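Take a look at the structure below.
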Amino acid sequence: MDTEKIRKLTPYQDINSLLADWTEKAKNILGENVVGLYLSGSLSYGDFAPERSDIDLQAVVRRPLNESELKSIEQLHRGLDERYPAWKGRLECTYVPLELMQEVLPPKTPRPWWGFDTLYAEAGAGNEWIINHYFLSKHSVALDGPDFTTLIPPLDMREVRKASARDLFKEWEPKINDSEWLANPHYQSYLVLNLCRILHTVIGNGPASKKVAAEWTKAAYPQW
């Protein structure tokens with residue numbers, strides 16, 4: 001996708017400028033190491049809420065980033081923070097080697113992840129791995145490179161449901177008794193919406209956006 005198309009991609013002009021900026025500079029830094037650059041998350045499937053949603057990106061690379069590339073990528077993201085302060089702390093991006101994309105279950109090999117204004121050079125993948133790949137395969141926007149579905153093996157919905165159930169018990173159940181964590185009202189709503197999404201995935205019609213899953217839960221379980 002050329003830069004001019006990216007600058008008209010979403011209804012949010014500053015986000016479009018950020019996306020074009022990231023795409024251009026990531027390609028300049030990584031060169032031939034780039035396989036594809038993708039917009040994912042709520043912006044890609046129409047569930048974006050400017051007051052609370054994150055901007056989710058994924059880069060697929062031919063080989064793991066070397067030390068020089070990692071330093072340059074960190075500088076890129078810090079520059080984005082400065083140029084687009086409204087989205088500081090709300091941009092998440094992974095840089096995944098192509099060989100890891102063939103893994104159905106979360107790979108043991110870590111990969112770089114930018115989030116919370118920090119570049120984690122060796123971030124592990126959790127149960128969200130296959131869930132994210134499902135949404136990427138259905139809704140991602142290729143800012144550069146091939147369709148995302150060409151980079152991953154076929155997805156089995158049974159594995160997506162299993163991953164969602166594992167995520168419930170490993171990631172979210174412990175939060176229910178964490179009074180300090182739940183004192184934050186943003187975290188409260190985030191927890192509820194994720195539980196709705198897991199429920200919809202496991203016993204409903206498969207993965208859906210948080211908004212769709214919440215509306216489905218309200219209708220299916222009015223007592224809640």
Side-chain angles (χ1 to χ4, degrees), residues 1-66 68-102 111-115 117 119 121 123 128-129 131-155 207 209 211:
M1 184 181 296
D2 62 45
T3 301
E4 288 308 309
K5 288 184 178 179
I6 296 174
R7 293 189 183 279
K8 301 175 182 178
L9 186 60
T10 79
Y12 312 101
Q13 190 52 54
D14 57 338
I15 293 179
N16 294 339
S17 297
L18 185 156
L19 295 176
D21 204 349
W22 174 70
T23 301
E24 181 180 7
K25 288 181 170 57
K27 289 171 64 178
N28 288 340
I29 291 169
L30 300 176
E32 294 183 356
N33 196 17
V34 173
V35 175
L37 303 173
Y38 302 92
L39 171 66
S40 60
S42 56
L43 266 173
S44 67
Y45 50 74
D47 199 22
F48 187 77
E51 68 277 9
R52 64 174 182 272
S53 296
D54 293 328
I55 300 172
D56 298 293
L57 302 171
Q58 175 147 333
V60 180
V61 294
R62 300 186 191 284
R63 53 164 176 74
L65 303 192
N66 59 38
S68 175
E69 289 169 331
L70 285 169
K71 289 181 179 179
S72 296
I73 287 296
E74 181 176 13
Q75 292 173 357
L76 163 58
H77 282 284
R78 298 207 178 282
L80 293 175
D81 278 350
E82 294 177 1
R83 292 189 293 279
Y84 309 96
W87 304 105
K88 179 180 171 63
R90 294 172 62 187
L91 176 65
E92 297 185 4
C93 182
T94 56
Y95 293 82
V96 186
L98 183 59
E99 64 177 357
L100 293 186
M101 301 300 294
Q102 296 301 308
R111 78 282 194 242
W113 178 72
W114 171 269
D117 284 332
L119 180 65
E128 80 286 346
W129 174 262
I131 302 167
N132 289 344
H133 280 192
Y134 174 88
F135 282 104
L136 278 157
S137 68
K138 296 293 184 182
H139 304 289
S140 67
V141 178
L143 303 174
D144 185 76
D147 188 286
F148 186 82
T149 57
T150 65
L151 306 180
I152 60 172
L155 291 172
S209 71
K211 181 178 180 180

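Being a predicted model, the structure only gives us computed values, none of them experimental. Values reported hereafter were calculated over all heavy atoms of this structure, with side chains retained and with hydrogens, waters and symmetry mates removed.
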Closest non-hydrogen atom pair, Tyr38 against Val60: CE1-CG2, 4.1 Å
Sub-4.5 Å side-chain heavy-atom contact between Ile55 and Trp22: no
Partners meeting salt bridge (Lys or Arg N to Asp or Glu O under 4.0 Å) with Glu74 (sequence neighbours left out): Arg78
Nearest non-hydrogen partners of Gly115 and Glu92, listed with the distance: CA-CG, 4.5 Å
Side-chain (Arg83) to main-chain (Leu18) donor-acceptor, under 3.5 angstrom: no
Gln13, CD atom: more than 12 neighbouring heavy atoms under 6.0 Å: yes
Exercise: do Asp147 and Thr149 side chains pair donor with acceptor under 3.5 Å: yes
Pairwise side-chain contact, Leu76 with Trp114, heavy-atom cut-off 4.5 Å (strictly under): no
Sidechain-backbone polar pair: Asp54 side chain, Asp56 backbone, donor-acceptor under 3.5 Å: no
Side chain to side chain contact (heavy atoms under 4.5 Å, CB included) between Trp87 and Asp14, intermediate numbers included: CA-CA 9 Å; Trp87 304 105; Asp14 57 338; 2.8 Å; yes
Donor-acceptor under 3.5 Å (Asp117 side chain, Gly89 main chain): yes
Backbone of Leu37 reached by a side-chain donor or acceptor of Asp144 within 3.5 Å: no
Side-chain heavy atoms of Val141 within contact of Met1, under 4.5 Å: yes
Leu30 versus Val61, closest heavy-atom pair with distance: CD1-CG1, 4.0 Å
Short side-chain to backbone donor-acceptor contact, Glu82 and Gly79, under 3.5 Å: no
Sequence-distant partners of Asp81, salt bridge (Lys or Arg N to Asp or Glu O under 4.0 Å), two or more places apart: Lys88
Phe148 vs Gln58 side-chain heavy atoms within contact, under 4.5 Å: yes
Nearest atoms (heavy-atom pairs only) where Arg62 meets Val35: CG-CG2, 3.4 Å
Can you give each donor-acceptor pair under 3.5 Å made by side-chain atoms of residues 131-138, sequence neighbours left out, with the distance rounded to 0.1 Å?
from   : atom 1 : to     : atom 2 : distance (Å)
Asn132 : ND2    : Glu128 : O      : 3.4
Ser137 : OG     : His133 : O      : 3.2
Ser137 : OG     : Tyr134 : O      : 2.7

Closest non-hydrogen atom pair between Met101 and Pro153, with its separation: O-CD, 3.3 Å
For the student: nearest non-hydrogen atoms of Ser44 and His139, plus distance: CB-O, 3.2 Å
